[in-house]
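Notes to accompany the following structure.
Each ligand, and each atom within it, is numbered from 1 in the order the structure gives.
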Amino acid sequence: MSYKEAQKKFAKIGIDTEKAIKDLGSVKISMHCWQGDDVGGFESVGGASNGIQTTGNYPGKATTPEQLMADLDFALSLIPGKHRVNLHACYGIHKDKVVDRNKLTPEQFKPWVEWAKKRGVGLDFNPTFFSHGNVVDGLTLSSPDPKIRKFWIEHGIACLKIAEYMAKELKSPCAINFWCPDGYKDEPSDRLGPRRRMADSLDRIFKTKYDRKLVIPTFESKLFGIGVESYTVNSHEFVMGYAQSRKILALLDMGHFHLTENVADKISSFLMFFGKVAFHISRPVRWDSDHVIRQNDDLRAAAQEIVKMGTGNFLIALDYFDASICRVAAWVLGMRNMQKELLKAMLTPNAQLKALQDAGEFTAQLVLQEEYKDYPWEEVWAEFARRNGQDPGEDWLKSVNAYEKDVLLKR
Ligand code: RNT
Ligand code: ZN
């Protein structure tokens, strides 16, 4: 089937494929730098710890800023459209001595800003509350030790300033996401105290002056982590309450709920009460395993909700890290899969299906929801990819294989 034929077929169910192509082109996805080096960063060679874990030892990992930038460039060159890049504070670029987290300044992120400027990509940011000796007994901002809290509060404040710098320089608002690993392995005796301390620490961070138009703080919840199975301070309820009362955004990570929970179902409520929704797109397998996202039912459901609620109301960031496969391929596949699911959602006659729901026509609703999945979205994808100078099919893998042979495996 040609694009023209697909266009006609979609037109019969009221879908304008040209609009879908245009709309998809306007969605910027924030690509996470940390898939490139297993959340390693540039401060030490120790790798990720304190609640972050990667598995796999695939060769070719980026170990310097130059390598990570080159890999990001290569991955972005195989993804249709313009996107954003999401950095973590542990990716600061240090001269002779590593500047500790509480003393970070824009200086360590200047090379990243220069890199982003040249490519016309926006940057998002994250304070790094892990992989550091000041995570004591698994706690950061909620630690009972005021010195530990102070260190991490200073880190949070430093990061708000860095985010503001990035946004100003790149003339594009910077989303800054707060995720802390804080929690306990076994039943705590006091569940309230750590949450009170967490709220107090965050309040001290957010009372810093920052431009609310340029810096968009988001706050990520989590049900459990490896080693913190019994209690996480920043549970879903805590994050919802804190974010709502402080007028910042709550962030949904697809891996941070019970595995039978439908994360897509949460989106409409978030939208109603926050106005905008921040998202970490991930794929949990049996736990918060952060596998590369596939075109599966969970991603489909999330993308459908995102499109129905208006893509402009979402901050879409990817968050997974697989060290057992080629890291560059993992980026490209995940970004393309996200785009494909958004496109499928844009090609669904949602108004018609909604009308069936409201009329109580549940048989027709079920049948058509399924039948419309078979409409030729691939042709529209191919057209979208071609118009963006990309090969629509799997040939990008050949380019990655060549890059792997020429660059990655020589490291
Ligand atoms: C961890 C959170 C968090 C991190 C990144 C690296 O469970 O999902 O978002 O993955 O900040
Ligand atoms: Zn996340």
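For ligand 1, the polar-atom distance check against Asn126 finds no nitrogen or oxygen pair separated by under 3.5 Å. Here's the thing with Asp290: none of its N/O atoms is less than 3.5 angstrom from an N/O atom of ligand 1.
Atom 10 (O) of ligand 1 has as its closest protein heavy atom Asp319 OD2, 2.8 Å. Regarding atom 7 (O) of ligand 1, its nearest protein heavy-atom neighbour is Lys222 NZ, 2.7 Å. In this structure, atom 9 (O) of ligand 1 lies nearest to the protein heavy atom Glu220 OE1, 2.7 Å. The protein heavy-atom contact nearest to atom 5 (C) of ligand 1 is His88 NE2, 3.6 Å.
Between the side chains of Trp331 and Asp71, no donor-acceptor pair of N or O atoms lies under 3.5 Å. Side-chain atoms of Arg84 and Ser172 include a donor-acceptor pair closer than 3.5 Å. Between the side chains of Asp288 and His256, at least one donor N or O sits under 3.5 Å from an acceptor N or O.
Here is the list of ligand 1 atoms found below 4.0 Å of a heavy atom in Asp288: 7 (O). For ligand 1, the atoms sitting less than 4.0 Å from at least one non-hydrogen atom of His256 are 1 (C), 2 (C), 7 (O), 8 (O), numbered in the order shown with element in parentheses.
Among the backbone and side-chain atoms of Asp319, an N, O or S atom lies under 2.8 Å from the Zn ion (ligand 2).
In Asp253, the N, O or S atom that comes nearest to the Zn ion (ligand 2) is OD2.
Note on ligand 1: His32 sits outside its first shell, no heavy atom being nearer than 4.0 Å.
Angle subtended at the Zn ion (ligand 2) by His280 ND1 and Glu220 OE2: 100°, rounded to 10 degrees.
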